[in-house]
Amino acid sequence: MEWKAAGAVLVGALGAIGGMSYYARRIEPSWLEVNEFSLALPRLDSAFAGYRIAHISDIHADTTWMDYARLQEIVQTVNQQHPDMVVITGDFLSVYEPPALEALKALRFLQARDGVFAVLGNHDHRVGTQGPAYLRALFTEYGIHDATEMVFSLERAGQMLHIVGLADLFQQRKVPSVPRTVSYQEKFQAVVRKIPEQGAAILLVHEPDFADVAAKAQRFDLQLSGHSHGGQVRLPWLGALRLPPLGRKYSCGLYRVGEMWQYTTRGLGMKLPQVRLNCRPEITMITCCVQ
């Protein structure tokens with residue numbers, strides 16, 4: 001009887017492991033969450049009260065998971081939220097191959113009153129020099145604003161809201177063959193100086209841990225980032241099992257960094273291993289409020 005009991009426990013345990021594996025590989029990666037909350041921004045003018053921002057990131061178009069049909073469904077869900085603006089914080093591509101490039105064509109259907117704004121991520125550069133060139137051509141074709149080292153000022157009733165973008169931090173650190181006449185910090189300060197004095201400013205940068213630097217500028221009300229995927233696998237009490245550099249301090253969710261808010265989305269796609277557990281893919285809907 002003892003052997004039978006032990007065998008039953010073993011079979012049950014193996015069944016549970018198999019079921020969890022199937023769930024993490026097939027169920028949760030497709031279980032998209034629309035995570036909606038309101039956030040009071042210190043410098044937000046009354047003309048932008050109730051402004052709705054849809055934040056997506058880490059699409060990771062590839063040849064195995066994130067195809068055209070899947071991304072098209074995500075785009076439809078974004079549009080159903082009726083955002084004033086859509087922002088995308090990098091990692092559009094995992095590979096530079098035809099199925100992945102085809103998948104990104106679904107982005108042309110994104111709809112927002114004030115348009116779509118984007119910056120690139122580290123994987124967009126890892127696929128080769130053709131990756132960023134392809135993406136920027138895609139942005140131009142689909143009317144997506146490339147926010148890299150740019151300041152876009154939206155105006156309503158004489159009041160302003162500023163969208164600011166930065167280049168991927170890894171790209172700045174890991175190309176020794178490119179001479180550095182201007183440091184990343186200098187580029188950042190140059191962008192900050194372009195921001196008008198009045199109105200809230202929202203920073204788009206792929207890596208969330210840049211928040212420590214951004215907050216010290218004392219000009220941003222909110223930083224939006226991706227990069228970490230929330231860890232893809234999060235266990236009770238332990239949290240994320242694995243996180244990338246520059247995505248470990250502010251790995252998932254909302255943080256207060258000095259006087260600035262910082263939000264890291266769990267993203268949409270995956271890198272190997274392609275599993276998610278307690279870390280559903282996410283569309284973030286932020287309603288901006290006057291403080």
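Here the structure is a predicted model, which means the values were calculated and not measured.
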Exercise for review: Sequence neighbours left out, what passes salt bridge (charged side-chain N to carboxylate O under 4.0 Å, His left out) with E73? Give chain and number order.
Suggested key: none
Point to revise | Heavy-atom closest pair, residues G165 and V119 | key: CA-CG1, 3.8 Å
Study note, to complete from the structure: In short, S94 meets M270 closest at the heavy-atom pair OG-O, 4.3 Å
Check your understanding: Testing H229, K271, H206 for side-chain hydrogen bond (donor to acceptor under 3.5 Å, both in side chains) with D91, which one passes?
Key -> H206
Exercise for review: Would you mind listing every salt bridge (charged side-chain N to carboxylate O under 4.0 Å, His left out) that reaches into residues 218-230, with sequence neighbours excluded?
Suggested key: R43-D221
Review point. Taking everything shown except Q76 itself, do over 12 heavy atoms lie less than 6.0 Å from its CD?
Key: yes
Study note, to complete from the structure: Taken in chain and number order and not counting sequence neighbours, the residues that satisfy side chain to side chain donor-acceptor pair (under 3.5 Å) with K216 are none
Check your understanding: If you look at every heavy atom in V151 and P196, which pair is closest and at what distance?
Key -> CG1-CD, 4.4 Å
Check your understanding: Within the side chain of D62, is there an N or O that forms a donor-acceptor pair under 3.5 Å with the backbone of V95?
Key -> no
**Study point:** Test item: L277 and M20 side chains (from C-beta on) under 4.5 Å apart, heavy atoms
**Key:** yes
Check your understanding: Side chains of Y68 and L104: closer than 4.5 Å at any heavy-atom pair?
Key -> no
Please output the side-chain donor-acceptor pairs of residues 236-249 that fall under 3.5 Å, not counting sequence neighbours, one pair per line with the distance.
from	atom 1	to	atom 2	distance (Å)
R248	NE	L243	O	3.0
R248	NH2	L243	O	3.4
K249	NZ	D212	OD2	3.0

Point to revise | T63 (side chain) donor-acceptor with P99 (main chain) under 3.5 angstrom | key: no
Practice item. Determine whether V116 and L120 fall in the same hydrophobic cluster, where Ile, Leu, Val, Met, Phe, Trp and Tyr are linked whenever their side-chain heavy atoms lie under 4.5 Å apart. Key: yes
Practice item. Tell me yes or no: between the side chains of E28 and S30, is some donor less than 3.5 Å from an acceptor? Key: no
Exercise for review: Measure the spacing between CG of L204 and CG of L166 and express it to the nearest 0.5 Å.
Suggested key: 8.5 Å
Review point. Mind checking whether I144 and L138 have side chains closer than 4.5 Å, heavy atoms only?
Key: no
Practice item. In sequence, state the C-alpha distance, the side-chain angles, and the governing distance for L203 and Q262, and then conclude on side-chain contact (heavy atoms from CB on, under 4.5 Å). Key: CA-CA 9 Å; L203 177 64; Q262 194 279 333; over 6 Å; no
Review point. With H162, which residues qualify under side chain to side chain donor-acceptor pair (under 3.5 Å), at least two apart?
Key: S153
Study note, to complete from the structure: Taken to the nearest 0.5 Å, the spacing of Q80 CD from H82 NE2 works out to 7.5 Å
Exercise for review: Take R25 and S21 through the side chain to side chain donor-acceptor pair (under 3.5 Å) test and state the conclusion after the steps.
Suggested key: CA-CA 6 Å; R25 288 184 295 110; S21 175; 3.2 Å; yes
Study note, to complete from the structure: Interatomic distance, CG@L154 vs CZ@R113, rounded to 0.5 Å, equals 10.0 Å
Review point. Would the number of heavy atoms belonging to other residues, nucleotides or ligands and lying under 6.0 Å from CZ of R156 be above 12?
Key: yes
Review point. Looking at SG of C252 and CD of Q232, how far apart are the two atoms once the value is rounded to the nearest 0.5 Å?
Key: 11.5 Å
**Study point:** Joint hydrophobic cluster, L41 plus Y255, side-chain heavy atoms closer than 4.5 Å
**Key:** no
Practice item. With sequence neighbours left out, write down each residue that passes side chain to side chain donor-acceptor pair (under 3.5 Å) with H123, or none if nothing qualifies. Key: none
Check your understanding: Closest heavy-atom contact between R70 and W65?
Key -> NE-O, 3.0 Å
Check your understanding: Would I163 end up clustered with L222 when hydrophobic side chains under 4.5 Å apart are linked, directly or stepwise?
Key -> yes
Review point. Which residues pass the ring pair (Phe, Tyr, Trp, His ring centres under 6.0 Å) test with F117, sequence neighbours left out?
Key: H145, F152
Check your understanding: If two hydrophobic side chains count as joined below 4.5 Å and joins carry through other members, does I195 share a cluster with M150?
Key -> no
Check your understanding: Using the benzene-type ring in the case of Trp, are the ring centres of Y250 and Y263 under 6.0 Å apart?
Key -> no
Exercise for review: Report yes if some heavy atom in the side chain of I202 is under 4.5 Å from a heavy atom in the side chain of F220; otherwise report no.
Suggested key: no
Using distance only, find each side-chain donor-acceptor pair of residues 283-291 under 3.5 Å and give its atom names and separation, not counting sequence neighbours.
from	atom 1	to	atom 2	distance (Å)
T284	OG1	E282	OE2	2.8
T287	OG1	R52	NH1	3.4

Exercise for review: Give a yes or no on whether V34 and F37 share a hydrophobic cluster (residues Ile, Leu, Val, Met, Phe, Trp, Tyr; joining criterion: side-chain heavy atoms under 4.5 Å apart).
Suggested key: no
Revision key, fill the gap. With sequence neighbours left out, the residues meeting salt bridge (charged side-chain N to carboxylate O under 4.0 Å, His left out) with E33 are R266
Point to revise | Minimum side-chain heavy-atom gap L268-L32 below 4.5 Å | key: yes
Practice item. Decide side-chain contact (heavy atoms from CB on, under 4.5 Å) for Q159 and S46; before the verdict, give the C-alpha distance in whole Å, the side-chain angles of both, and the deciding distance to 0.1 Å. Key: CA-CA 8 Å; Q159 298 178 336; S46 58; 3.5 Å; yes
Exercise for review: Could you tell me whether the side chain of I56 reaches within less than 4.5 Å of the side chain of V87, counting heavy atoms only?
Suggested key: no
**Study point:** Atom pair CD/CG of Q130 and L93 - distance to nearest 0.5 Å
**Key:** 9.5 Å
Check your understanding: What residues form a salt bridge (charged side-chain N to carboxylate O under 4.0 Å, His left out) with E97, not counting sequence neighbours?
Key -> none
Practice item. Apply ring pair (Phe, Tyr, Trp, His ring centres under 6.0 Å) to F109 and list each qualifying residue two or more places apart in sequence or on a separate chain. Key: none
Review point. Within a reach of under 6.0 Å around CD of E259, are more than 12 heavy atoms found that belong to other residues, nucleotides or ligands?
Key: no
Check your understanding: Are V213 and Q185 close enough that some pair of their side-chain heavy atoms sits under 4.5 Å apart?
Key -> yes
Exercise for review: May I ask you to check whether F92 and Y134 place their ring centers less than 6.0 Å from one another?
Suggested key: no
Practice item. Would you please say whether a donor-acceptor pair under 3.5 Å links the side chains of T64 and Q274? Key: yes
**Study point:** Those residues that, when tested against T148, pass side chain to side chain donor-acceptor pair (under 3.5 Å) (two or more places apart)
**Key:** D146
Review point. Under 4.5 Å between any side-chain heavy atoms of L161 and D45, yes or no?
Key: no
**Study point:** Atom of D124, atom of V127 and distance for their closest heavy-atom approach
**Key:** O-CG2, 3.3 Å
Review point. Is there a side chain to side chain donor-acceptor pair (under 3.5 Å) between T264 and H227 once you walk through the steps?
Key: CA-CA 8 Å; T264 304; H227 183 52; over 6 Å; no
Point to revise | Value rounded to 0.5 Å, distance of CG in D168 from CZ in R126 | key: 9.0 Å
Check your understanding: Where is the tightest heavy-atom contact between A118 and F139, given as atom of each residue plus distance?
Key -> CB-CZ, 3.9 Å
Exercise for review: Start with the C-alpha gap between D67 and E102, add the side-chain angles, then the distance that decides, and say whether side-chain contact (heavy atoms from CB on, under 4.5 Å) holds.
Suggested key: CA-CA 8 Å; D67 58 13; E102 181 67 22; over 6 Å; no
